[in-house]
**Student:** 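For reference, the structure I am asking about is given below.
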Amino acid sequence: MPLRSVVLGCGAYLPRRIVTNEELATRVDTTDEWIVQRTGIKQRHVAAEGEFTSDLALAAARDAVAHAGIGVDEIDLVIVATATPDNTFPATATRVQHKLGMARGFAFDVQAVCSGFVYALGVADNFIKSGQVKTAVVIGAETFSRILDWTDRQTCVLFGDGAGAVVLRGEEASERGILSTHLHSDGDNYDLLYVDGGPSSTGTVGHLRMEGRKVFVHAVQRLAEVVEEALSAQQLTARDIDWLVPHQANKRIIDGVGKKLGLDAAHVVVTVDRHANTSAASIPLALAEAVHDGRIKRGELVLLEAMGGGFTWGSALIRW
Ligand code: COA
């Protein structure tokens, strides 16, 4: 049995303020019916003024550390997956490391937009398997409300703020843990989903821009491929999967992947209706919900998948 990264605990944080579709319909030309029908989204959480990505990340990390039952002195590595850092630099993860009370270890951000959590999990897993790190906190945290064009109905209805986290620990000869991660990117479609600002290009923060229909088509294709890749790498079939925990962008994309795998809808974790698309935070938020409410149990096989701007896409298979 190999050294594996076992998930010791999960955590989550959502800002208090909820913005419903009805409220959005008072600001842009949209309806609750259109949003629900096209995306499955009914509401989203929005960070308060002065509430930063690091605040969300810290709350989720504390929740995960408490659930894992470990001390902060045991943590060697903090990774924050985010496309909405507090500042252009330093890494938001260093602020989280400090506020957690860590006096050692190292911390950095990973930027792969909506695939960020799966990427960060892959990075942490490799640090653990190489023996360089024993315990890692992997966080997905976003304040997409800050980069939305609130006058653009094609994008502002789709996203929300939040954070989720997991604690990983390397365990020898373990049947449990991350079995494999599979990461991909292709910059050919950079302009289909991007932010029209940045420190090196415009010197502004910019707003999210997206060609939704084209992104949809790519997402369905790429996610089907990467799920297949994960299963065949482990010589497993879709029947072996107990839980699909997908990136929460759109209910129709989630249903499409679930159907392709032949999974009963009851075994697909869905939060997009309440959280909308929280980018890198969506998978750890969904994981925390399904673990804390008792759906995901020890020993079960959990498949994560995500796709985001870049494009980036990836999957992770975990024996819980
Ligand atoms: N409310 C009402 N009407 C809207 C609207 C809104 N919020 N947003 C767009 N529309 C209109 C469009 O203007 C268009 O009108 P027209 O036919 O008069 O031109 C019509 O609805 C259809 O727009 P279209 O963009 O073709 O709709 P769609 O069925 O593709 O759904 C998305 C749009 C964005 C929901 C869908 O393409 C999607 O989910 N794409 C993937 C996005 C995603 O997941 N991105 C993140 C990946 S990490």
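These numbers come from a predicted model, not from an experiment. One-based numbering, in listed order, for ligands and for the atoms of each. Here, residue 1 is the first one in the sequence, and each next residue gets the next number.
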**Student:** Show me which atoms of ligand 1 lie under 4.0 Å from any heavy atom of Cys114.
**Tutor:** 48 (S)
**Student:** So which heavy atom in the protein is nearest atom 27 (O) of ligand 1, and how far is it from that ligand atom?
**Tutor:** Arg38 NH1, 3.2 Å
**Student:** Check whether Trp150 forms a cation-pi arrangement with Arg27 (NZ or CZ under 6.0 Å from the six-membered ring centre, at most 45° off the ring normal).
**Tutor:** yes
**Student:** In terms of atom number and element, which parts of ligand 1 are under 4.0 angstrom from non-hydrogen atoms of Val157?
**Tutor:** 7 (N)
**Student:** Tell me the protein heavy atom at minimum distance from atom 11 (C) of ligand 1, and give that distance in Å.
**Tutor:** Arg153 NH2, 3.5 Å
**Student:** Report yes if some heavy atom in the side chain of Thr278 is under 4.5 Å from a heavy atom in the side chain of Phe144; otherwise report no.
**Tutor:** no
**Student:** List the closest protein heavy-atom neighbour of atom 1 (N) of ligand 1: residue, atom name, distance to the nearest 0.1 Å.
**Tutor:** Thr30 OG1, 2.6 Å
**Student:** Which heavy atom of Tyr119 sits nearest a heavy atom of Trp313, and at what distance?
**Tutor:** CE1-O, 4.0 Å
**Student:** Decide yes or no for Arg17 and His45: does some side-chain heavy atom of the first lie under 4.5 Å from some side-chain heavy atom of the second?
**Tutor:** no
**Student:** Using the rule side-chain contact (heavy atoms from CB on, under 4.5 Å), only one of Val110, Leu168, Ile283, Leu183 pairs with Leu121; which is it?
**Tutor:** Leu168
**Student:** Using distance alone, determine whether Asn277 and ligand 1 share an N or O pair under 3.5 Å.
**Tutor:** no
**Student:** Which residue supplies the protein heavy atom nearest to atom 9 (C) of ligand 1, what is that atom called, and how far is it?
**Tutor:** Trp34 CZ2, 3.5 Å
**Student:** What atoms in ligand 1 come closer than 4.0 Å to a heavy atom of Met307?
**Tutor:** 48 (S)
**Student:** What protein heavy atom is closest to atom 45 (N) of ligand 1, reported as residue, atom name and distance in Å?
**Tutor:** Met210 SD, 3.2 Å
**Student:** Do ligand 1 and Arg213 have nitrogen or oxygen atoms that lie under 3.5 Å from each other?
**Tutor:** yes
**Student:** Starting from atom 31 (O) of ligand 1, locate the nearest protein heavy atom and write down its residue, its atom name and how far away it is, to 0.1 Å.
**Tutor:** Arg252 NH2, 3.9 Å
**Student:** Measuring from atom 41 (C) of ligand 1, which candidate in Gly310, Gly212, Gly308, Ala249 has the nearest non-hydrogen atom?
**Tutor:** Gly212
**Student:** Would the number of heavy atoms belonging to other residues, nucleotides or ligands and lying under 6.0 Å from CD of Glu175 be above 12?
**Tutor:** no
**Student:** Do the charged groups of Arg274 and Glu289 touch, with an N to O distance under 4.0 Å?
**Tutor:** yes
**Student:** To which protein heavy atom is atom 25 (O) of ligand 1 closest, and what is the distance rounded to 0.1 Å?
**Tutor:** Gln154 OE1, 4.1 Å
**Student:** How long is the straight-line distance from OG1 of Thr84 back to CD of Gln111, given to the nearest 0.5 Å?
**Tutor:** 9.0 Å
**Student:** For the residue pair Phe127 and Phe106, is the inter-centroid distance of their aromatic rings smaller than 6.0 Å?
**Tutor:** yes
**Student:** Write out all pairs satisfying salt bridge (charged side-chain N to carboxylate O under 4.0 Å, His left out) with one or both partners inside residues 75-93, taking only residues at least two apart or from two chains.
**Tutor:** Asp76-Arg104, Asp86-Arg95
**Student:** Among protein heavy atoms, which sits nearest to atom 39 (O) of ligand 1, and what does the distance come to when rounded to 0.1 Å?
**Tutor:** Asn250 ND2, 2.6 Å
**Student:** Need the ligand 1 atom indices (1-based, order shown) with element for anything under 4.0 Å from a heavy-atom of Thr39.
**Tutor:** 35 (C)
**Student:** Considering distance alone, does some N or O of His247 sit under 3.5 Å from an N or O of ligand 1?
**Tutor:** no
**Student:** Closer than 4.0 Å and a protein heavy atom, does any atom meet both conditions relative to atom 18 (O) of ligand 1?
**Tutor:** no
**Student:** Measure the spacing between OG1 of Thr271 and CD of Gln248 and express it to the nearest 0.5 Å.
**Tutor:** 3.5 Å
